[in-house]
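Down below is the structure, laid out as structure tokens.
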Amino acid sequence: MSTFAKTLIAWQREHGRHDLPWQTNDAYRVWLSEIMLQQTQVDTVIPYYARFLARFPDLPSLAAAPVEDVLTLWSGLGYYARARNLHKCAQTLMTRHGGVFPADPALLAELPGIGRSTAAAISAFAYGTRAAILDGNVKRVLARAFGIEGFPGTKPIENRLWELADSLLPATNVDVYTQAQMDLGATVCTRGRPACARCPLADVCVALRDGRVAELPTRRPKKETRERSGRFAAILADGAVLLERRPPSGIWGGLLSLPELPEDADTADWVASRYGLDVHKVTPLASFRHVFTHFTLTLEPESVEVGATTGCAEPGILWHRLDQLDAAALPAPIRKLLEQLVRRDLFSEP
DNA sequence: AAACCGGGGCC
DNA sequence: GGCCCAGGTTT
């Protein structure tokens, strides 16, 4: 066994995390936690994980639930495409795998929302399968410990890291070893201020030896971000707002959102003809910017007061009470806009 | 403000 | 099979 693996396993037993609620060999719980942890840190995940497990204690209950219920429980975690994949994955497991998670990571990786690294983590924790993970934590630990230069997002570097990860796998205790890498990356070999003084790899770490800890792993080359803008209508009546489901692909795919006005449309005319509503008053609201990784969206909201919450029988269009925004799976900037509107402070400039 | 992140989807 | 994207948090 590699010294690297031995060192990490010993460190894990002494200094690793042992009381995380998903540390079981139940594949369902491991899977659920891994999907949540793909996008969110441990402290945030814990309450969501508990609520989720209480409502969906096992695979059959999750598979049988309407996807809306899953999205509602996911509300606030963001990345809703992954909640939809989670649900789809549960259904696929029920119909094609007899409700059992396969132990083979290659089979797991064919399921929606599960890639190579997540598949390895599930099979290692649930079944003790000997398979290497390569998530952000592991990439950082390996790049530093072995002094690997180059952005890990490129194919050649990523391939090298996968080879390295495979070669370092211990013959036994793969579950402890896998958790060790996650814990070391999360608690010692962190992105910002790594605690090299208490790192078990300090005496072999190439980056530490060469004073290159801050430079590794090599950062992503930066790209210019594009600008986009959109007009959004907050159609209001009787303490409710009209929400409309977005098309399944593209920005905010499948989420409920405010209707997006065509660029040159007259607001009152468009709302009246599209939804058959009696428009009383249109008020432009303060525009604001939301920064995505790849572009900046300028939201230009308008409030549209209408006569009554009627005329919207179409599927994908509904009235949602303004005092129950918490329960809706909304894109973050739309939620922010509506919460400001409820607090009535949107009329002042930011 | 910029970096980060594992998988999906498009070409 | 390679490249680019999403969306919220951390730094």
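Convention: sequence-line order gives letters A, B, ...; per-chain numbering from 1. What's counted below: heavy atoms across the whole structure, side chains too, no hydrogens, waters or symmetry copies.
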How long is the line joining [atom1] of [X] and [atom2] of [N], in whole Å?
X      : N     : atom1 : atom2 : value
A:Q39  : C:dT9 : CD    : P     : 10 Å
A:R84  : C:dG7 : CZ    : C1'   : 13 Å
A:E158 : C:dC3 : CD    : P     : 11 Å
A:N137 : B:dC4 : CG    : P     : 13 Å
A:I334 : C:dG8 : CD1   : C1'   : 15 Å
A:K336 : C:dG7 : NZ    : C1'   : 14 Å
A:W74  : C:dG8 : CH2   : C1'   : 13 Å

Is the closest basic N to carboxylate O distance between [X] and [Y] below 4.0 Å?
X      : Y      : value
A:R96  : A:E110 : no
A:K155 : A:E158 : yes
A:D43  : A:R17  : no

Looking at the side chain of A:R191, which of C:dA6, C:dG8, B:dA3 is the nearest nucleotide? B:dA3
Closest-nucleotide 5' rank along DNA chain C - winner of A:Y79 and A:T190: A:Y79
Pairwise 5' ranking along DNA chain C for A:G192 and A:R220, keeping only the more 5' one: A:R220
Would you list the protein and nucleotides 7-9 of chain B atom pairs, both N or O, that sit under 3.5 Å from each other?
from  : atom 1 : to     : atom 2 : distance (Å)
B:dG7 : OP1    : A:G115 : N      : 2.6
B:dG7 : OP1    : A:G115 : O      : 3.3
B:dG7 : OP1    : A:T118 : N      : 3.1
B:dG7 : OP1    : A:T118 : OG1    : 2.5
B:dG7 : O5'    : A:G115 : N      : 3.4
B:dG8 : OP1    : A:G113 : N      : 2.3

Side chain to side chain contact (heavy atoms under 4.5 Å, CB included) with A:P301: which of A:T283, A:L285, A:L341? A:L285
Residue among A:Y49, A:W22, A:Y48 satisfying side chain to side chain contact (heavy atoms under 4.5 Å, CB included) with A:L32: A:Y49
So is A:R231 actually on top of A:W270's ring, under 6.0 Å and inside 45° of the axis? no
Neighbours of DNA chain B within residues 139-155 of chain A, by heavy-atom distance under 4.0 Å: A:R140
Base, sugar-phosphate alone, or nothing: which one does A:Q41 contact when heavy atoms must sit under 4.0 Å apart? sugar-phosphate
Please check if atom CD in A:E263 has more than 12 non-hydrogen atoms from other residues, nucleotides or ligands closer than 6.0 Å. no
Within a reach of under 6.0 Å around CZ of A:R51, are more than 12 heavy atoms found that belong to other residues, nucleotides or ligands? yes
Please lay out, stage by stage, how A:S61 and A:D58 fare under the test side-chain hydrogen bond (donor to acceptor under 3.5 Å, both in side chains). CA-CA 6 Å; A:S61 61; A:D58 50 28; 2.9 Å; yes
